[in-house]
**Q** 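Below is one structure. I have some questions about it.
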Amino acid sequence: MEGVGGGSAAASVSQWQHEMWKVYQFYLDKTTPHPVLRWIASSILVVLYFLRVFYLKGFYVVTYGVGIYLLNLLIGFLSPLVDPETEPSDGPLLPTKGSDEFKPFIRRLPEFKFWYAVTKAFCIAFLMTFFSIFDVPVFWPILLVYWFVLFVLTMKRQILHMVKYRYVPFTVGKQRYGGNKIYGSSGTSQR
């Protein structure tokens, strides 16, 4: 009889986990159309994390690990989905001349997944600051200098790649077209 009761308890825990995941996914999906609010909330989390690290004067290895992870995410965010260097094709995938057909820039790591990974990384790092086992004593200026060297070298390579294949990973606002409007002397449209 113990097996029957244990199976029922495991099923109810599994059902509860599934219900909690559905609620979590519901609220996560609700944040999708609000990128500015998402990034503001994540920025607040980042500031709280750095204030905690500054106050505790420790957890520099955790911060360094988060920094390396963020650098890796940034590379994916700035890279095209199909890299012309690594995936040869019959023709150019990115337009290289003004006369080429317009092809929108598609990121290897979309903005939402980038935001989600950044936020999750800082949540995990924040939780790690509550456990002294992760507070490894190190000379933090060396880690900081090493991270800046990695950042500069990586971004230099990424910018050279962007220049070589002539793509810009950022779009500012929505592009608007004037169309075939006919304007009168007063400047108003007359159709």
Side-chain angles (χ1 to χ4, degrees), residues 17 19-84 86 93-95 102-131 134-135 140-141 143-177:
Q17 286 177 334
E19 290 298 320
M20 292 307 297
W21 178 255
K22 283 179 18 181
V23 169
Y24 172 74
Q25 191 65 45
F26 172 78
Y27 286 111
L28 188 63
D29 291 343
K30 285 257 202 212
T31 66
T32 303
H34 308 288
V36 174
L37 294 176
R38 283 189 279 124
W39 282 105
I40 288 172
S42 294
S43 298
I44 292 169
L45 176 66
V46 170
V47 167
L48 289 175
Y49 172 77
F50 280 111
L51 286 174
R52 180 157 174 80
V53 167
F54 178 76
Y55 174 73
L56 294 174
K57 295 183 182 6
F59 297 97
Y60 302 122
V61 171
V62 173
T63 305
Y64 177 74
V66 169
I68 295 296
Y69 181 66
L70 292 179
L71 186 59
N72 186 32
L73 290 175
L74 186 61
I75 292 168
F77 183 70
L78 296 176
S79 298
L81 179 62
V82 179
D83 190 357
T86 59
L93 297 172
L94 294 172
F102 172 74
K103 295 178 183 173
F105 180 78
I106 301 172
R107 302 175 191 285
R108 187 174 356 137
L109 181 64
E111 183 271 337
F112 183 81
K113 289 183 178 181
F114 178 63
W115 165 80
Y116 185 67
V118 167
T119 305
K120 194 165 55 168
F122 275 102
C123 285
I124 292 169
F126 193 83
L127 289 175
M128 290 173 79
T129 63
F130 290 99
F131 301 98
F134 298 114
D135 189 12
W140 66 267
L143 289 179
L144 186 63
V145 168
Y146 185 59
W147 186 84
F148 274 117
V149 167
L150 282 175
F151 179 80
V152 168
L153 292 176
T154 304
M155 287 300 107
K156 177 184 173 192
R157 190 184 73 199
Q158 188 67 33
I159 290 170
L160 289 174
H161 187 270
M162 289 164 44
V163 169
K164 180 178 179 182
Y165 293 102
R166 296 184 182 130
Y167 65 91
V168 178
F170 301 107
T171 55
V172 181
K174 184 177 178 181
Q175 187 172 3
R176 301 187 190 279
Y177 299 98

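Quick note: residue numbers are just sequence positions, from 1.
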**Q** Would you call the rings of Tyr116 and Phe112 parallel, tilted or perpendicular, where under 30° means parallel and over 60° means perpendicular?
**A** parallel

**Q** Decide ring pair (Phe, Tyr, Trp, His ring centres under 6.0 Å) for Phe126 and Phe130; before the verdict, give the C-alpha distance in whole Å, the side-chain angles of both, and the deciding distance to 0.1 Å.
**A** CA-CA 7 Å; Phe126 193 83; Phe130 290 99; 5.6 Å; yes

**Q** Check Arg38 against Thr31 and note the closest heavy-atom contact, atom names and distance.
**A** NE-O, 2.9 Å

**Q** I'd like a table of donor-acceptor pairs (distance under 3.5 Å, sequence neighbours excluded) in which one partner is a side-chain atom from residues 58-72, with atom names and distances.
**A**
residue: Thr63; atom: OG1; partner: Tyr49; partner atom: OH; Å: 2.7
residue: Thr63; atom: OG1; partner: Phe59; partner atom: O; Å: 3.0

**Q** Are Leu78 and Arg108 packed together at the side-chain level, in the sense that at least one heavy-atom pair is separated by less than 4.5 angstrom?
**A** no

**Q** Around atom CZ of Phe131, are there more than 12 heavy atoms from other residues, nucleotides or ligands closer than 6.0 Å?
**A** no

**Q** Please find the pair of heavy atoms, one from Arg107 and one from Phe77, that lie closest to each other, and give the distance.
**A** NH1-O, 2.9 Å

**Q** What distance separates Ser42 OG from Lys120 NZ, expressed to the nearest 0.5 Å?
**A** 12.5 Å

**Q** Given side chains that start at C-beta, do those of Leu73 and Lys113 come closer than 4.5 Å, heavy atoms only?
**A** no

**Q** Enter the distance from His161:NE2 to Arg157:CZ here, rounded to the nearest 0.5 Å.
**A** 9.0 Å

**Q** Mind checking the CG-CG spacing from Leu150 to Leu143? Nearest 0.5 Å is all I need.
**A** 10.5 Å

**Q** Do the non-hydrogen side-chain atoms of Lys156 and Leu160 ever get within less than 4.5 Å of each other?
**A** yes

**Q** If you define the side chain from C-beta out and look only at heavy atoms, does anything of Leu45 sit under 4.5 Å from Cys123?
**A** yes

**Q** Testing the basics here: between Pro35 and Glu111, what is the closest heavy-atom pair and its distance to 0.1 Å?
**A** CB-OE2, 4.1 Å

**Q** Could you tell me whether a side-chain N or O of Thr154 sits under 3.5 Å from a main-chain N or O of Phe151, the two making a donor and an acceptor?
**A** no

**Q** Residues two or more places apart in sequence or in another chain: which of them pass salt bridge (Lys or Arg N to Asp or Glu O under 4.0 Å) with Lys30?
**A** none

**Q** So, Ser43 and Trp39: side-chain donor and acceptor under 3.5 Å apart, yes or no?
**A** no

**Q** How many angstroms lie between CD in Glu19 and NZ in Lys22, if you round to the nearest 0.5 Å?
**A** 4.0 Å

**Q** So is Lys57 actually on top of Tyr55's ring, under 6.0 Å and inside 45° of the axis?
**A** no

**Q** So how far is it from Asp135 CG to Leu56 CG, rounded to the nearest 0.5 Å?
**A** 7.5 Å

**Q** Taking atom CH2 of Trp140 as the centre, report whether more than 12 heavy atoms of other residues, nucleotides or ligands fall under 6.0 Å from it.
**A** no

